[in-house]
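Note that the structure is predicted; figures quoted are calculated from it, not measured. Here is the naming used below: chain letters follow the sequence lines, and residue numbers restart at 1 for every chain.
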Amino acid sequence: MIEIYAQNLANTWFAVALCDQKILTSSFATSEKTALNYILNNLPFNTPFQLFPKPNPTATAILQAIKEIYAGKDTEVKLNLASEDLPVYTQKVLKATLAIPVGYVTSYGAIAVAVGGGARAVGNAMACNLFPPIVPCHRVVKSDLSLGGYGGGLGVKLEFLLREKRGFTEPKDVSVDGVFLRVFPVEDVLRKYA
DNA sequence: TGCAAACCATAAC
DNA sequence: GTTATGGTTTGCA
């Protein structure tokens with residue numbers, strides 16, 4: 001049985017679908033309806049689900065953690081994502097995206113180099129991200145460090161990056177499955193949109 | 001700058 | 001099988 005929870009935290013609606021403590025899909029939006037619609041659209045077919053008006057303790061902790069991520073904070077909470085049924089390539093892209101630290105961004109092409117495949121394929125994987133904002137697809141931009149696209153609208157993407165400013169000045173490499181992924185300070189992106 | 005061609009995993013037919 | 005479709009990239013005028 002799939003359990004769905006939605007809650008308003010700090011003026012934003014967050015929603016999750018859980019199954020066996022694992023996150024099937026998540027969302028955020030300015031209205032409860034929009035947040036729930038996203039969840040419902042991404043639910044597997046022919047699976048019963050139930051919408052709970054009040055989150056239980058597990059769901060509360062998860063929603064709280066997602067809110068922290070949304071707010072641009074580092075979170076220590078480990079969120080269990082049900083990604084094993086996704087295409088393998090998509091899983092690799094998600095994993096690489098999760099490796100981007102707060103305060104940094106990388107490009108579609110850079111991820112493609114790290115996990116194989118091409119930049120457009122990476123963009124495709126991002127476009128159907130089931131776990132916003134847990135999988136920080138807002139930290140992936142074009143190779144010239146302009147924004148690229150975003151499901152929730154480019155304004156939302158820009159605001160995310162503003163909240164994640166950390167004052168870093170140098171690019172660096174992070175390790176994903178033994179290969180390196182180059183990441184750049186968010187400031188490098190924001191400069192172009194001042 | 002701007003445009004065209006190469007790029008590559010998915011989903012839909 | 002085949003085709004259409006992107007949240008791209010690169011090269012070249």
Side-chain angles (χ1 to χ4, degrees), chain A residues 12-17 23-30 34-35 37-47 66 69-70 72 79 81-165 171-174 176-194:
Chain A
T12 302
W13 281 92
F14 298 91
V16 282
I23 301 173
L24 256 42
T25 173
S26 59
S27 73
F28 65 91
T30 51
T34 310
N37 270 342
Y38 191 94
I39 298 287
L40 294 175
N41 283 333
N42 286 313
L43 244 36
F45 288 123
N46 299 327
T47 322
I66 295 175
I69 294 172
Y70 176 84
L79 296 169
L81 305 181
S83 57
E84 60 270 7
D85 287 332
L86 271 38
V88 181
Y89 182 76
T90 303
Q91 293 185 42
K92 291 207 278 191
V93 172
L94 294 184
K95 189 170 183 180
T97 306
L98 280 169
I100 308 169
V102 176
Y104 289 95
V105 298
T106 191
S107 74
Y108 301 98
I111 291 182
V113 171
V115 306
R120 308 200 68 163
V122 172
N124 270 334
M126 295 284 153
C128 46
N129 179 18
L130 293 178
F131 311 104
I134 303 171
V135 173
C137 51
H138 54 274
R139 293 184 201 140
V140 186
V141 299
K142 289 216 217 179
S143 62
D144 63 357
L145 296 186
S146 61
L147 278 181
Y150 193 69
L154 287 184
V156 175
K157 187 170 185 173
L158 189 57
E159 282 164 20
F160 258 107
L161 298 181
L162 283 168
R163 288 193 292 269
E164 296 187 349
K165 274 202 293 188
K172 69 170 185 178
D173 291 322
V174 297
V176 189
D177 276 342
V179 300
F180 284 108
L181 176 66
R182 172 136 283 211
V183 297
F184 304 86
V186 291
E187 279 79 356
D188 288 352
V189 175
L190 296 176
R191 250 192 299 282
K192 309 170 79 104
Y193 294 88

Check the distance between [N]'s [atom2] and [X]'s [atom1] and give it to me in whole angstrom.
X	N	atom1	atom2	value
A:N42	B:dA11	CG	P	12 Å
A:R120	B:dC8	CZ	C1'	9 Å
A:D144	C:dG7	CG	P	17 Å
A:I111	C:dG6	CD1	C1'	16 Å
A:L147	C:dT8	CG	C1'	14 Å
A:M126	C:dT9	CE	C1'	16 Å
A:K157	C:dG7	NZ	P	11 Å
A:L145	C:dT8	CG	C1'	14 Å

- Message: With nearest nucleotide decided by heavy atoms, which residue, A:V141 or A:A121, maps closer to the 5′ end of DNA chain C?
- Response: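 Result of the comparison: A:A121.
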- Item | Polar side-chain atom of A:T97 near backbone of A:C137 as donor-acceptor pair, under 3.5 Å |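 Answer holds: no.
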- Query: Is a side-chain donor or acceptor of A:Q91 paired with a backbone partner of A:L86 at a separation under 3.5 angstrom?
  - Reply: yes
- Item | B:dA9 OP1/OP2 closer than 4.0 Å to side-chain N/O of A:T90 |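 No, because none of the side-chain N or O atoms of A:T90 sits under 4.0 Å from OP1 or OP2 of B:dA9.
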- Below 4.0 Å: OP1/OP2 of C:dT8 and any side-chain N or O of A:S143: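 It does not, given that no N or O in the side chain of A:S143 lies less than 4.0 Å from OP1 or OP2 of C:dT8.
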For [X], which contact category applies under a 4.0 Å heavy-atom criterion: base, sugar-phosphate, or nothing?
X	result
A:C137	base
A:G118	sugar-phosphate
A:V122	nothing
A:G151	base

- Message: Does atom NZ (A:K192) have a neighbourhood of more than 12 heavy atoms from anything else shown, all under 6.0 Å?
- Response: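 More than 12 heavy atoms, drawn from other residues, nucleotides or ligands, come within 6.0 Å of this atom.
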- Quick one: list whatever passes side chain to side chain donor-acceptor pair (under 3.5 Å) with A:D85, sequence neighbours left out.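 Applying side chain to side chain donor-acceptor pair (under 3.5 Å) to A:D85 gives none.
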- Item | Watson-Crick/G-U partner (both atom distances under 3.5 Å) of C:dG7 | none
- Re B:dC7: Watson-Crick or G-U wobble partner, both distances kept under 3.5 Å, found to be none
- Message: Any heavy-atom pair between the side chains of A:F160 and A:P136 that's under 4.5 Å?
- Response: no
- Message: For a 4.5 angstrom cut-off between non-hydrogen side-chain atoms, does A:F14 reach A:S26?
- Response: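 No, too far: nothing below the 4.5 Å cut-off.
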- Task: Please confirm whether A:R163 makes a cation-pi placement over A:Y70, using NZ or CZ under 6.0 Å from the six-membered ring centre and within 45° of the ring normal.
- Result: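 Cation-pi check for A:R163 and A:Y70: passes.
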- Message: Using a 4.0 Å cut-off on heavy atoms, which residues in residues 91-109 of chain A reach DNA chain C? List them by number, or say none.
- Response: A:S107, A:Y108, A:G109
